[in-house]
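The block underneath contains the structure these notes are about, expressed in structure tokens.
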Amino acid sequence: MFVCSCFGVTEEQVRAHADAGACTPRQIASACKAGTDCGGCVRRIQALLGRGACPRRELIETGRPPLAAELPEAA
Ligand code: FES
């Protein structure tokens, strides 16, 4: 089923980008342009991303910078 009719992006494609690490509609847009024309699909993309869809989201919500999560602790 199409999520973004402006760019012909399907639900499966959005899920694949989410599995590859896209956590926000902006990151989905960077990956496939979905949401960058009329914007009518952005809420559907947000719903697909949902809570728990991205492992980094938990870090963001707890206030920890996601990119620093893989760095060793400072001694
Ligand atoms: S439906 Fe996605 S940008 Fe228009």
Side-chain angles (χ1 to χ4, degrees):
M1 173 183 250
F2 285 106
V3 171
C4 177
S5 53
C6 291
F7 292 101
V9 178
T10 64
E11 197 173 305
E12 290 73 28
Q13 287 173 300
V14 171
R15 286 188 205 280
H17 291 306
D19 288 345
C23 295
T24 64
R26 187 175 296 225
Q27 290 172 335
I28 296 292
S30 294
C32 63
K33 293 188 175 181
T36 60
D37 193 1
C38 75
C41 59
V42 173
R43 285 189 180 270
R44 266 179 288 165
I45 291 169
Q46 284 175 324
L48 281 173
L49 292 174
R51 284 184 180 266
C54 175
R56 289 185 294 161
R57 180 175 296 280
E58 188 176 315
L59 294 172
I60 294 167
E61 290 177 349
T62 57
R64 294 174 58 200
L67 296 178
E70 292 157 16
L71 295 176
E73 292 290 324

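Only a predicted model underlies this, so the values are computations on that prediction, with no experimental measurement involved.
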Which heavy atom of [X] sits nearest a heavy atom of [Y], and at what distance?
X     : Y     : result
Pro25 : Val42 : CB-CG1, 4.1 Å
Cys41 : Val3  : CB-O, 3.2 Å
Ile28 : His17 : CD1-CB, 3.7 Å
Gly35 : Ile45 : N-CD1, 4.4 Å
Cys6  : Cys38 : SG-SG, 3.6 Å

Can you tell if the side chain of Val9 reaches within under 4.5 Å of the side chain of Lys33, non-hydrogen atoms only? no
Taking atom types as modelled and ignoring hydrogens, do the side chains of Gln13 and Thr10 form a donor-acceptor contact shorter than 3.5 angstrom? yes
In Å, rounded to the nearest 0.5 Å, how long is the span from CG of Leu49 to CZ of Arg15? 9.5 Å
CD of Glu12 to CG of Leu48: how many Å apart, nearest 0.5 Å? 9.5 Å
